[in-house]
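Worksheet for the structure shown next.
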Amino acid sequence: MRAREEIHLDRIALPPEGERIQVIEEKLVVPYRPIIPFIEGDGIGPDITRAAQRVWNAAVTKAYGGNRKIVWLELFAGEKALQRYGEVLPQDTFWAIEHFVVAIKGPLTTPVGTGYRSLNVTLRQILDLYACVRPVAYLPGVPSPVTHPERMDIVIFRENTEDVYAGIEWPKGSEEGAKVISYLNKEFDLHIPQDSGIGIKPISQKATQRLVRKAIQYAIGQDRRSVTIMHKGNIMKFTEGAFRDWAYQVAREEFPEQTVTEKEVQEKYDGEAPPGKVMIKDRIADSMFQQVLTRTDQYDVIAAPNLNGDYLSDACAAQVGGLGMAPGANIGDFTALFEATHGTAPKYAGLDVVNPSSLILSGKMMLGYIGWHEAAELTQSALVRTIQQKKMTYDLARQMQDATKLKTSEFASAIVENM
Ligand code: NAP
């Protein structure tokens with residue numbers, strides 16, 4: 001990766017105005033006209049990106065009366081990059097995200113079972129965006145399949161760089177796969193059938209602890225009550241079980257004053273965490289899925305390995321209106337790539353019908369991340385007002401009687417009018 005200071009993009013013209021966000025002395029320094037790169041994405045990406053940019057631009061103008069403005073810089077990935085660069089993930093895109101520190105993207109296509117690696121996973125790994133942060137909270141007026149969706153107010157910190165997503169796997173019958181199987185069978189006296197596909201699941205102390213550190217720091221900074229470590233350590237003892245142990249170690253060694261374990265709360269504090277302390281607890285993954293449904297309001301921040309976090313994020317999102325409503329971000333030490341959490345929904349591409357809320361709310365997170373809280377709040381409140389007026393896209397409208405079904409672009413216009 002090149003140094004942050006220099007940028008030489010091959011096929012992208014830098015905007016004539018705007019400055020870059022910088023990291024100075026461990027802090028983001030945000031100019032009034034920050035250059036923020038965006039990737040439209042494939043499938044429904046262009047529809048939702050157009051709609052969301054109108055909403056964010058209007059919120060920024062309204063909040064700061066024209067004193068601040070996002071200067072957008074388009075980057076390319078996926079199908080559009082293939083046309084322009086002849087490759088799906090060009091260097092320009094990595095360099096520009098590194099250089100400009102904060103960026104936002106639509107969904108990108110990942111074909112299943114082709115040996116073609118996920119562009120999203122590649123972006124996260126190369127940029128070392130190790131925490132996937134997904135807040136899942138109920139917005140009033142959104143139709144939900146559960147009785148008390150308002151009880152959900154959870155922020156999931158999903159480890160983003162390793163676990164089964166490390167991409168260490170070989171197909172059945174491959175030379176590499178056969179070698180690995182023979183080695184394991186011989187050296188460890190195992191009996192893995194030769195006709196197996198094989199994958200390796202690494203979970204490291206370093207990656208676990210930086211993720212958990214971020215989750216605990218967030219919980220402390222946002223006055224959250226607890227951090228739950230989600231794992232399947234009863235079965236995968238040295239990966240998921242170790243994730244749990246390393247997570248407790250971070251809390252114990254780095255945040256002894258600000259945290260207390262659930263065990264201590266039971267033994268010393270009569271079941272009630274002392275005020276101002278974040279309770280650290282852990283749950284086995286299968287139980288976690290049940291708990292978020294049955295005892296939703298007892299969970300707050302959740303730290304999970306990659307695969308658990310992936311599953312749980314979608315399951316939680318379903319309780320508050322589905323993937324069309326769920327925002328997300330991939331965050332490293334400072335570099336942050338905000339994104340819609342759903343996929344490219346190819347059957348709706350170009351039809352101007354899908355829900356842009358996931359991307360709009362990811363942009364709201366982004367505005368908060370750069371400290372533009374007024375614009376962030378305006379974005380969310382106008383979105384909520386629009387939904388409360390029962391003006392919504394098809395996915396929400398079909399779950400409600402007497403809703404007005406709007407196109408993606410009409411929904412964006414309604415949000416802007418509501419600011
Ligand atoms: P998907 O694109 O998320 O779509 C699945 C279904 O979810 C859609 O058919 C639609 O349901 C609903 N949906 C998704 N986004 C919506 C929106 N904005 N508004 C309303 N409804 C929405 O999942 P997929 O079909 O499994 O994946 C398609 C491609 O996207 C794959 O190549 C996958 O790898 C990729 N993907 C990318 C990302 C990413 O870039 N971060 C994430 C996930 C998947 P109905 O049909 O019921 O209306």
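Just so it is clear, the model here is predicted, and its values are computed rather than measured. Remember, it's 1-based here, ligands and their atoms both numbered in the order they're listed.
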Query raised in the report: Counting only heavy atoms not in Y64, do more than 12 fall under 6.0 Å of its OH?
Result: yes

Report task. Would you mind running through ligand 1 and noting each atom that sits below 4.0 Å from a heavy atom of N120? Result -> 37 (C), 38 (C), 39 (C), 40 (O), 41 (N)

Query raised in the report: So, is A345 polar-close to ligand 1, with some N/O to N/O distance under 3.5 Å?
Result: yes

Query raised in the report: Just distances here: any N/O of T341 and N/O of ligand 1 closer than 3.5 Å?
Result: no

Query raised in the report: Any idea which part of N355 is under 4.0 Å from ligand 1, heavy-atom wise: side chain, backbone, both or neither?
Result: both

Query raised in the report: Any nitrogen or oxygen of L108, main chain or side chain, under 3.5 Å from a nitrogen or oxygen of ligand 1?
Result: yes

Requested in this report: Determine whether the side chain, the backbone, both or neither of I48 has a heavy atom under 4.0 Å from any heavy atom of ligand 1.
Outcome: neither

Report task. Would you check the N or O atoms of R124, main chain and side chain alike, for any that come under 3.5 Å of an N or O of ligand 1? Result -> no

Report task. Give a yes or no on whether a salt bridge exists between D245 and K237, defined as a side-chain N under 4.0 angstrom from a carboxylate O. Result -> no

Query - Heavy atom of R398, distance to ligand 1 below 4.0 Å - result: yes

Query raised in the report: Should V354 be counted as touching ligand 1, given the test is an N or O pair under 3.5 Å?
Result: no

Query raised in the report: Is the closest side-chain heavy-atom distance between I280 and F255 below 4.5 Å?
Result: no

Query - Listed partners of F157 passing ring pair (Phe, Tyr, Trp, His ring centres under 6.0 Å), at least two apart - result: Y218

Query raised in the report: Counting each atom of ligand 1 from 1 as listed, which ones have a heavy atom of E339 under 4.0 Å away?
Result: 41 (N)

Query raised in the report: Any salt bridge between R210 and D128, counting N to O under 4.0 Å?
Result: yes

Report task. State whether Y32 and R68 meet the cation-pi test: NZ (Lys) or CZ (Arg) under 6.0 Å from the six-membered ring centroid, and within 45° of the perpendicular axis. Result -> yes

Query - Inter- and intrachain pairs under salt bridge (charged side-chain N to carboxylate O under 4.0 Å, His left out), touching residues 331-343, at least two apart - result: K105-E339, R124-E339

